[in-house]
Amino acid sequence: MLKIYNTLTRQKEDFHPINTDKVGMYVCGMTVYDYCHMGHARVLVMFDVITRHLRRRFPQVEYVRNITDIDDKIIARAVENQEDIFSLTNRFIDAMHEDERALGVLPPDVEPRATDAMDQMFYMIKSLVDKGIAYQGKNGDVYYSVRKFDNYGKLSGKNLDELEAGARVDIESDKKDPLDFVLWKMAKPTEPSWSSPWGEGRPGWHIECSAMSTHHLGNHFDIHGGGMDLAFPHHENEIAQSEGANDCSFVNTWMHVGFVNINDEKMSKSLNNFFTIRGVLESYDGETLRYFIMSSHYRSPLNFSDENLNNAKSSLTRLYTATRGLGSSEAAMDEVSQRFDFEKRFNAALDDDFNTPIALSILFELAKLVNSERDKDIDQASALAQLLIKLGDYIGILQTNADDFLKQGVGLSDEEIDEKIKLRDKARAEKDFALSDQIRDELTESGIVLEDSANGTSWRRK
RNA sequence: GGCCGGAUAGCAAAGCGGUUAUGCAGGGGCCUGCAAAGCCUUAUAGACCAGUUCGACUCUGGUUCCGGCCUCCA
């Protein structure tokens, strides 16, 4: 039984889809005015892991992850660059897809863009205005009246009066209540705009997700996710909009991914302490990044540091080393999978609120068994190695050829290395260990590790 | 100020009211020409103070410290 921690109830719950044939999941994606950073990477990877697991647990999953391609920051950045907003957003959407591929993240089923969903937003805003839940201010902006929604605050555990007490005074706005938020915002003459029943303008940030999620998944769907910082106000407002407009429960399970920290502080654009995915990819491969992200539970903080990334790299190296040179038929693998309980325990770990650290620890137990069987029963070792690769696939790792993973890197070419190994083999055959050790030391200097075995010498990059 | 969450061995990170987490790093051994990898083995935990219990890292209360949200943010 799959259990998921639900932000709404603050506890782990058994997960029962509304429709057992098809699970609907919506995740708030990127606002595309810059390169994705490690915080985005965590959301991308974790919901990829979650989707992969859901797909193995249910007949069909529809995973929708939106793209916010219109907002104030995008407009500001486009002005700064003197470019059209679409040329800006298209560029960063391409970059995001590149980053995603490097992390082994499979594309969502649908990736709707806010600018393609104007009609859906109009429809929802109109419905809110008709019901008297939303109103147009003197400045033309359309606002959501939070006092009209009884359950406001149910997700984030806030209540309106306390929020009110701490609220900053909003001087220029026409809001009836400082906590009301914008559904439709009038455009200044130079700004990009869309024609709406309320005038030329652009949507508020929250309405797009309400409109797109319900459009693709229905008014009431299973899972809605995003970064922890979206719980309030973004998701709270989405609930207010969707439930206000549709008069039905919006989402059953709310999932929030924890922050990536730098020196125990949240990585964020405003603190300017962020690392972009592509920046990190210059020093570490995508799979190592992915492993690093999965090495802690998705709701815990994840501290970004070279030490932790190097740790991830070593761990992955151990797993790949175990599978190196081994492989078996599917039948043999199925047989060992039946005989040992690794797969069962692995799935149980993921069923327990996607506990990737436990799942990974099971891979290490399996790797240890592969290593110890290697000299005893090579067929069994091969079948177990195949199982290790299969379980890796469940969470999107270990799908590269082990040799390729272990040899990846820069410096000497493979041919140069093979040449030196040949020279060393000759020296060893002649028992000229001084020369052979000298060659090995030189290679070590270049970051190449040699491993002698009965089957000859293999190498990897450190 | 209001509301959340956290504090686990050298580092990272989980589960669990009583029995090995796991990875890296460390000690000892096996293997190796020597290494590396691997295997075996071993040490090092649970912020602090009370309480509940036959027994608490795990439950309850308090203290301290840290982080987050309350404004755009994944």
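Naming: A, B, ... by sequence-line order, numbering from 1 per chain. We use all heavy atoms of the structure for the numbers below, so side chains are in, but hydrogens, waters and symmetry mates are not. Quick caveat: nothing in here was measured; it's all calculated off a predicted structure.
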Quiz item: How would you label the contact of A:Asn311 with the nucleic acid (heavy atoms, under 4.0 Å): base, sugar-phosphate, or nothing?
Solution: base
Quiz item: NA contact type, A:Arg65, heavy-atom cut-off 4.0 Å: base, sugar-phosphate, or nothing?
Solution: nothing
Exercise. Nearest whole angstrom, please: distance from the P of B:C69 to the NZ of A:Lys158.
Key: 10 Å
Quiz prompt | Sugar-phosphate, base or nothing in reach of A:Ile358, heavy atoms under 4.0 Å | solution = base
Quiz item: For B:C57, which nucleotide in any strand shown is its Watson-Crick or wobble partner with both distances under 3.5 Å?
Solution: none
Practice problem: Under 4.0 Å between any heavy atoms, over every strand shown, what does A:Val260 touch: base, sugar-phosphate, or nothing? Just pick one. | Solution: base
Quiz item: Which part of the nucleic acid, if any, lies within contact of A:Arg324, taking any heavy atom under 4.0 Å across all strands shown: a base, the sugar-phosphate backbone alone, or nothing?
Solution: nothing
Quiz prompt | Presence of A:Arg318 side-chain N/O under 4.0 Å of B:G38 phosphate oxygens OP1/OP2 | solution = yes
Quiz item: Starting at the 5' end of RNA chain B and moving along, which residue's nearest nucleotide shows up first, A:Ile362 or A:Gly258?
Solution: A:Ile362
Quiz item: If you count the non-hydrogen atoms of other residues, nucleotides and ligands that lie under 6.0 Å from CD in A:Glu430, is the total more than 12?
Solution: yes
Quiz item: Is the aromatic ring centre of A:Phe364 closer than 5.5 Å to the centre of the six-membered base ring of B:G23, with the two planes inclined by less than 30°?
Solution: no
Quiz item: Touch check for A:Met267, heavy atoms < 4.0 angstrom, all strands: base, sugar-phosphate only, or nothing?
Solution: base
Self-check item: Touch class at under 4.0 angstrom, heavy-atom based, for A:Asn159 against every strand present
Solution: nothing
Exercise. Remember a base hit wins even if backbone is also touched, and classify A:His37 as base, sugar-phosphate or nothing at under 4.0 Å, heavy atoms.
Key: base
Quiz item: Does any N or O in the side chain of A:Tyr320 come within less than 3.5 Å of the main-chain N or O of A:Thr400, such that one atom is a donor and the other an acceptor?
Solution: yes
Quiz item: Could you give the CG-to-P distance, from A:Leu366 to B:U22, as a whole number of Å?
Solution: 14 Å
Quiz item: Taking A:His206 as the fixed residue, which of A:Tyr144, A:Phe181, A:Tyr143 is the one that meets the ring-ring contact (aromatic ring centres under 6.0 Å, His included) rule?
Solution: A:Phe181
Quiz prompt | Donor-acceptor side-chain pairing of A:Glu100 and A:His40 below 3.5 angstrom | solution = no
Exercise. Please determine if a side-chain N or O atom of A:Asn308 lies less than 4.0 Å away from the OP1 or OP2 oxygen of B:A12.
Key: no
Self-check item: Complementary nucleotide of B:G1, counting Watson-Crick and G-U pairs under 3.5 Å
Solution: B:C70
Quiz item: So A:Tyr35 and A:Phe92, would you call those rings parallel, tilted or perpendicular, with 30° and 60° as cut-offs?
Solution: perpendicular
Exercise. Quickly work out the A:Tyr5 OH to B:C4 P distance and round it to whole Å.
Key: 11 Å
Quiz item: Can you check the A:His206 NE2 to B:U71 C1' distance for me, whole Å?
Solution: 11 Å
Quiz item: Could a donor-acceptor pair under 3.5 angstrom be found where the side chain of A:Lys73 meets the base of B:C72?
Solution: yes
Exercise. Using both distances under 3.5 Å as the test, list the Watson-Crick or G-U wobble partner of B:C31, or none.
Key: none
Quiz prompt | d(CZ, A:Arg345; P, B:G15) in whole Å | solution = 15 Å
Quiz item: Within the structure, does a side-chain N or O atom of A:Lys266 lie under 4.0 Å from either OP1 or OP2 of B:C69?
Solution: yes
Practice problem: Determine yes or no for a side-chain-to-main-chain donor-acceptor pair under 3.5 angstrom, with A:Arg202 supplying the side chain and A:Pro192 the backbone. | Solution: no
Practice problem: Can you check whether any acceptor in the base of B:C39 is under 3.5 Å from a donor in the side chain of A:Lys368, or vice versa? | Solution: no
Quiz prompt | Integer angstrom distance from the P of B:G26 to that of B:U64 | solution = 40 Å
Quiz item: OP1 or OP2 of B:A14 less than 4.0 angstrom from a side-chain nitrogen or oxygen of A:Ser300, does that happen here?
Solution: yes
Self-check item: Base B:A35 paired with A:Arg440 side chain (donor-acceptor, <3.5 Å)
Solution: yes
Quiz item: Looking for any heavy atom pair under 4.0 Å, which part of the strands does A:Ser315 touch: base, sugar-phosphate only, or nothing?
Solution: sugar-phosphate
Exercise. Check whether any side-chain N or O of A:Asp69 sits under 3.5 Å from a backbone N or O of A:Thr115 as a donor-acceptor pair, and report yes or no.
Key: yes
Exercise. Figure out the NZ/P separation between A:Lys3 and B:G15, and round it to whole Å.
Key: 14 Å
Quiz prompt | N/O donor-acceptor pair, side chain A:Asp72 with base B:C72, under 3.5 angstrom | solution = no
Practice problem: Scan side-chain atoms only and decide if A:Asp441 and A:Gln438 contain a donor-acceptor pair under the 3.5 Å cut-off. | Solution: no
Quiz item: Taking for each residue the nucleotide of RNA chain B with the nearest heavy atom, is it A:Arg299 or A:Ser314 whose nucleotide lies nearer the 5' end?
Solution: A:Arg299
Exercise. Please state how far atom CZ in A:Phe354 lies from atom C1' in B:A13, giving the value in whole angstrom units.
Key: 20 Å
Self-check item: Base B:G33 paired with A:Asp437 side chain (donor-acceptor, <3.5 Å)
Solution: yes
Exercise. Pick base, sugar-phosphate or nothing for A:Ser295, based on heavy-atom distances below 4.0 Å to the nucleic acid.
Key: sugar-phosphate
Practice problem: Starting from P on B:A7, measure out to CG on A:Asn303 and report it in whole angstrom. | Solution: 14 Å
Quiz item: How would you label the contact of A:Val257 with the nucleic acid (heavy atoms, under 4.0 Å): base, sugar-phosphate, or nothing?
Solution: nothing
